[in-house]
Structures are given as structure tokens and as C-alpha cells.
Amino acid sequence: MALKVYNYLTHELERFRPIDGEIVRMYVCGPTVSDHAHLGHAKTYVAMDVVVRYLSHRGFQVYHVRNFTDVGHSLDTGEDRILHGARRQGLNPMELVDIYVRSFLADMDTLGVQRPNISPRAACHVPEIITWVRALIEQGHAYEVAGSVYFSVASSPDYGKLGRRQLPDLQAGAPVQMCAEKRHPADFALWKAADSEQTLRWPSPWGEGYPGWHIECSVMATKYLGVPFDIHGGGVENIFPHNDCEIVQAEAHNHVPFANTWLLAGSLRVNGAKMSKSLGNFLTIRDALHLYSPEAIRYFVLSSHYRAPVDFSRDALKAAQRGANHLHAAVRQLRRRMQEKLPTEGAGTAALSDVSSLETYRARFRAAMDDDFNTPVALAVLSDLVSETNRMLDGSLLVSLGTLSTIDKLFRDLAGDVLGILPRNLEMQGDGQMVGELVSYLLDLRTEFRDAQEWGRADAIRERLEQVGIAIEDGPGDTTWHMKG
RNA sequence: GGCGACGUAGCCAAGUGGUAAGGCAGGGCUCUGCAAAAGCCUUAUUCGUCGGUUCGAUUCCGACCGUCGCCUCCA
């Protein structure tokens with residue numbers, strides 16, 4: 001079966017074919033690093049991460065570039081976002097950038113978002129940007145006014161093709177402010193003249209200045225991926241103008257298409273309104289991680305389709321946390337059972353049919369993911385697998401080690417490698433050997449109390465362990481424990 | 001005003017021209033010292049409203065109502 005993806009450029013579900021056979025070249029618009037990332041970023045980047053993971057799972061070699069915007073992106077007041085943050089915190093602008101680059105990467109690492117091959121920064125590509133801007137002027141696509149350079153949207157009939165905008169519509173739109181220097185209201189800055197406040201500045205043929213927001217993505221994507229490349233990802237809020245500006249300037253400069261497929265993630269909302277810094281209704285990823293596990297946040301994001309907007313709520317996150325725990329409990333039980341089995345035991349033939357029926361889960365999962373990364377259906381397949389696993393483990397039938405490890409492999413591949421909702425240290429009980437020995441001593445003690453029917457003392461141990469994040473479960477015969485998610 | 005998306009049980013969320021996946025929450029039962037975990041059963045005559053096409057529509061078409069996003073701050 002073929003992988004089909006929804007391409008925002010054509011608004012159609014298309015069969016996905018990379019330009020270069022096995023290699024997929026992908027660019028994703030990264031964050032402006034002037035603050036901690038919030039759950040909206042988590043939604044977009046977890047969604048894109050699953051795209052990367054699934055492509056890899058399917059045998060493609062993904063070459064992934066995601067930028068950091070560290071200059072040129074201004075607030076609605078016109079002030080550069082990085083300078084604004086640096087001024088408020090009394091830091092050098094690049095110091096601020098370093099802090100939030102590290103913060104972002106730490107958050108993404110915790111969420112299990114795989115790092116891209118390259119994370120280029122705009123400020124490191126000023127020479128390339130200047131070369132591009134000069135070329136665009138020479139080709140009649142851009143013009144200089146008082147040290148700033150603007151892209152002329154009228155020079156390209158294709159402008160607005162991703163966001164489906166027509167120039168007349170833009171002129172009719174109410175909020176468009178005409179900057180006196182621009183020839184057309186939709187013209188956008190490639191290079192901005194630096195005023196005295198602007199400390200992030202570079203010499204250029206047009207005087208001291210700094211790059212505009214959109215040009216970096218075109219320049220860096222072209223530099224590291226070549227053009228055209230396969231996939232351009234990001235969030236829907238950037239369709240217009242950012243993505244359209246990227247396309248128009250890149251195609252004017254390169255004379256070939258920019259990106260073949262555009263995959264854009266829907267926004268995260270809070271009570272129906274978009275979660276964003278300007279509305280002040282955001283929850284940072286690090287704050288969210290105090291309340292929910294990384295797997296719960298991923299589970300929440302993946303429980304709706306990546307293109308759909310998702311409403312954040314405590315109930316939704318709680319439900320996701322429960323769903324993730326449910327999955328983890330089943331896998332934990334499974335692995336416990338595998339450890340109990342002696343390698344020679346249970347090599348019976350009864351398992352053969354089981355194993356082949358288990359492969360249908362893989363096929364169902366793959367069919368769901370092939371259908372434009374339908375993660376809600378993929379999660380439903382995993383839920384079915386969890387139920388079947390639990391039933392098997394609870395039942396009285398002997399299950400072979402082969403069957404157990406086949407199921408474990410399914411969970412590792414699908415829940416672990418593709419969706420990233422199985423923690424790597426699931427079977428590791430605690431932080432180290434000492435914790436393990438202490439807990440097992442306490443459990444021995446509790447067993448003694450239970451045998452003596454001193455329930456109060458036995459329950460007190462359970463409660464204290466609960467308080468430090470260790471859950472215990474009395475099974476038939478023995479008591480097991482694990483760190484709570 | 002322009003462009004686009006969406007409205008499915010208490011909540012979240014898939015889906016199909018042939019009679020509604022899955023999750024969470026709720027209810028009942030089993031297991032258990034209690035708990036936790038797990039299992040079994042149970043929870044939408046119905047898919048925003050009204051028309052149309054059809055043997056048959058939640059799914060296609062039209063109108064209407066409602067919600068949301070973008071239209072140069074945003075992942």
C-alpha cells in the first residue's frame with residue numbers, strides 16, 4: 001500500500017514519492033527563540049516528529065532541517081523579538097538566544113522529539129542572505145529604499161499560492177498597514193536598515209542592517225536541502241504570509257519549485273481560541289511537564305489528527321495520561337512475564353497462529369499511518385492490541401516466549417519507535433540499584449506485616465511509597481512496583 | 001469583505017453510499033485483607049438544522065445556523 005499525504009499546496013491527498021528515491025529531504029519552520037516553548041509548539045513539533053519517525057519506519061532516510069529564528073522577527077510594535085527579550089532580561093541578545101535554544105532543545109528532548117540533522121540559525125547565514133537579496137534586486141524582484149530592501153510581490157504572479165491569496169483581496173483586507181517605503185502593501189522586507197536601537201546588525205551593500213523574517217527559511221532550506229526538496233512542514237498559522245513569502249522569494253531566486261509537499265499542523269487551542277503568546281493563554285512545556293508525563297502530552301497530541309485543531313483542557317490531558325498509563329501497564333506486564341519464562345520453556349506450537357494474527361495489528365497500524373498519518377486510528381489499533389495482550393496475560397493458557405516477544409516487538413516498533421509513547425526505561429525500576437534494593441526491602445517488610453494481618457502498618461508503607469512516586473500492585477503471589485508516569 | 005477549516009455520545013476523537021472505530025469518564029460483575037492493576041458486560045435508532053439526489057446518506061449536492069483559523073506578532 002502506498003503512503004498518502006495531504007498536500008496543502010494542492011489541497012489534495014497525494015501519493016508520496018520522494019524526489020530521490022529513498023531519501024526524504026524535509027524542512028520544518030522552527031521557533032523564534034525569545035522565550036520558553038509552550039504546548040502549541042509541542043503540538044506542532046510532536047506532529048512533525050511522528051511524520052519523521054514514520055517515514056524512517058517505512059524505510060526512508062530522512063534528512064531533516066529545522067531552523068532557529070534568532071534575528072529579524074519583530075513584534076507588532078516593530079521591535080525585534082530577540083532584542084525585546086534581551087532588553088527586558090538585561091542580557092546580550094545572543095545570550096538570550098543561547099538560553100532559549102537550550103531550553104527548546106531540552107523540552108523537545110524530554111518530549112521525545114528527535115533532533116533534526118541540522119538546526120541552522122539565521123544570524124549565522126547573513127552572508128548567504130545578502131547574496132540572495134542582491135540577486136533578487138538584480139532580477140527585478142526586489143528594490144531598495146533608504147537602506148531597506150523589499151520583495152516586490154507584483155513581480156511574481158504566483159504570490160500567495162499556498163495561502164490562496166490574490167493581491168486584490170489583500171488590498172481590500174482591513175488591517176493591512178501601508179508602510180510608506182513599500183510600493184505595494186503586501187511587499188515584505190528582505191533586509192531592514194538598522195536604527196540606533198538595533199544591536200543585531202551587519203554591514204551590507206545597503207548600509208548596516210539585519211535580515212527580514214522570511215528570507216532565512218528560503219536561504220537555509222535551499223542551502224542544506226537543495227531545491228526542490230520533498231517536504232516543508234510547520235504550523236497552519238504560518239501559511240500566510242510567512243510560508244508564501246518563503247515560496248515566492250525562493251522560486252524567484254532559484255527558478256525551480258521550492259518544496260513539493262507542504263504538511264502543516266493545526267493549532268492548539270484553549271477554550272476555542274488559539275494558544276499563543278499574544279493572547280497570554282499559554283502553558284509552557286516545562287510547566288506542563290510538572291503535571292503530565294511526556295508520553296501523556298504526546299498521546300494527547302496524537303489522539304487527534306495532525307491537521308485538526310485541538311482544544312487543550314485538563315480533562316483531555318488527564319484522559320491522555322490515563323491512556324498512556326494503560327499502554328505502559330500492559331507492556332510492563334508483558335515484559336515481566338517474559339523475564340519469568342525460562343528460555344527453554346513454552347516453545348510449544350500453539351503460538352504460531354497467535355503470531356500470524358498479531359501481524360494484522362502491524363498491518364492495521366500501517367494502513368492508518370499510510371492514510372495521511374492518521375494517528376487517532378493508529379492509537380485505536382494499539383488499544384486493541386493492549387486489550388488482547390492483557391487478555392492473553394490474564395488467561396490461563398500457556399503463552400510461549402516467542403509470542404510474548406513478538407508482541408513486545410510490536411509495541412517497541414509501533415508505540416515506541418513510531419509514536420514515541422513508550423518510555424525507554426519502562427522496565428527499569430527506578431533510578432538505580434540502590435533504589436531497587438531499598439524498595440524491595442520495604443516490600444519485604446510490608447509482606448511481613450500483611451502476613452501478620454497488620455493492615456495499618458502495611459498500608460502505611462504503601463502510602464509512603466505512593467508519596468515518593470512509587471506505585472505498587474499486589475499480584476497473585478508477589479508484589480510488583482514501578483515509578484509512576 | 002477575501003481565503004480556509006470544522007460542527008459525531010458526558011468529554012476527547014476516527015470513519016464510511018448500506019445502517020456508527022478507539023480512548024477517558026460513568027454503571028454492573030470477577031479477582032482482592034483493602035487498594036491498585038487487569039478481565040468481562042454496559043453507555044449514540046444516531047452523526048448542527050432544513051431540503052435535494054438515491055432502493056438507501058452521518059457520508060454526495062444545495063441552503064441555513066453555529067464555532068474557529070489566516071488576511072504581515074505567532075508553531
Side-chain angles (χ1 to χ4, degrees), chain A residues 8 11 28-32 37-45 47-48 73-79 81 160 163-166 168-177 179 185-189 213-214 233-242 244-245 264-269 272-279 282 299-300 303-305 307-311 313 315-323 325-326 329-330 332-333 368 371 374-384 386-387 389-391 393-395 450 453 455 458-459 462-463 466 471-476 479-480 482:
Chain A
Y8 262 88
H11 285 223
V28 176
C29 282
T32 298
H38 58 67
L39 282 178
H41 298 99
K43 156 117 169 62
T44 296
Y45 296 122
M48 290 297 130
H73 194 177
S74 50
L75 293 159
D76 50 6
T77 59
E79 188 179 11
R81 299 166 82 98
R164 309 237 154 161
R165 303 305 151 99
Q166 306 287 326
D169 301 339
L170 293 172
Q171 283 166 319
V176 173
Q177 295 163 324
C179 165
D187 287 353
F188 56 92
W213 176 38
H214 314 299
V236 286
E237 55 281 311
N238 275 339
I239 290 179
F240 191 89
H242 179 65
D244 263 313
C245 293
L264 302 170
S267 300
L268 183 70
R269 299 177 183 175
K274 194 175 79 177
M275 178 178 283
S276 69
K277 285 180 191 170
S278 56
L279 294 175
F282 62 91
Y299 198 103
F300 164 71
S303 62
S304 62
H305 189 92
R307 279 191 280 119
V310 179
D311 218 279
S313 69
D315 282 351
L317 259 296
K318 236 168 68 186
Q321 181 74 67
R322 293 296 301 261
N325 290 348
H326 194 66
R332 211 153 29 220
Q333 276 303 117
D371 182 19
N374 194 333
T375 53
V377 170
L379 285 176
V381 173
L382 287 179
S383 283
D384 289 344
V386 164
S387 294
T389 302
N390 283 328
R391 237 175 285 130
L393 295 174
D394 271 20
R450 292 179 69 207
Q453 303 204 349
W455 309 124
D459 290 351
R462 181 168 64 199
E463 278 160 31
E466 175 89 18
I472 67 181
E473 286 149 26
D474 294 323
T479 297
T480 60
H482 65 270

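To find a chain, count down the sequence lines: A is the first, B the second, and so on, and within it residues start at 1. What you see below is based on every heavy atom in this structure, not just the backbone, and it leaves out hydrogens, waters and symmetry mates.
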Think [X] has a side-chain N or O under 4.0 angstrom from the OP1 or OP2 of [N]?
X	N	value
A/Asn238	B/C70	no
A/Lys318	B/G23	no
A/Arg269	B/C68	no
A/Asn374	B/A14	no

Proximal nucleotide (of [options]) relative to the [X] side chain:
X	options	answer
A/His38	B/A13, B/A75, B/G33	B/A75
A/Thr32	B/A21, B/A75, B/C24	B/A75
A/Ser387	B/A14, B/G39, B/A75	B/G39
A/Arg462	B/G69, B/A75, B/A35	B/A35
A/Arg322	B/A14, B/A75, B/C24	B/C24
A/Glu237	B/C70, B/A36, B/G22	B/C70
A/Thr44	B/C71, B/A75, B/G39	B/A75
A/Arg391	B/G39, B/C70, B/G23	B/G39
A/Asp371	B/A14, B/G15, B/C34	B/G15
A/Pro376	B/G33, B/A75, B/A13	B/A13

Could you state the atom-to-atom distance from [atom1] of [X] to [atom2] of [N] in whole Å?
X	N	atom1	atom2	value
A/Asp394	B/G39	CG	C1'	5 Å
A/Asp244	B/C3	CG	C1'	11 Å
A/His305	B/U8	NE2	C1'	17 Å
A/Arg450	B/A35	CZ	P	13 Å

Which is true for A/Gly30 with a 4.0 Å heavy-atom rule: it touches a base, it touches only sugar-phosphate, or it touches nothing?
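Sugar-phosphate: the residue A/Gly30, judged by heavy atoms under 4.0 Å, touches backbone atoms but no base.
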Legend entry - From OG1 (A/Thr480) to CD (A/Gln333), nearest 0.5 Å: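 Nearest 0.5 Å value for the OG1-CD distance: 6.0 Å.
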- Closer to the 5' end of RNA chain B via nearest nucleotide, is it A/Pro241 or A/Val386?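 Between the two, 5'-proximity favours A/Val386.
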**Prompt:** So, A/Trp455 and B/G33: ring centres less than 5.5 Å apart, planes less than 30° off, yes or no?
**Reply:**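 By the stated criterion, A/Trp455 and B/G33 stack.
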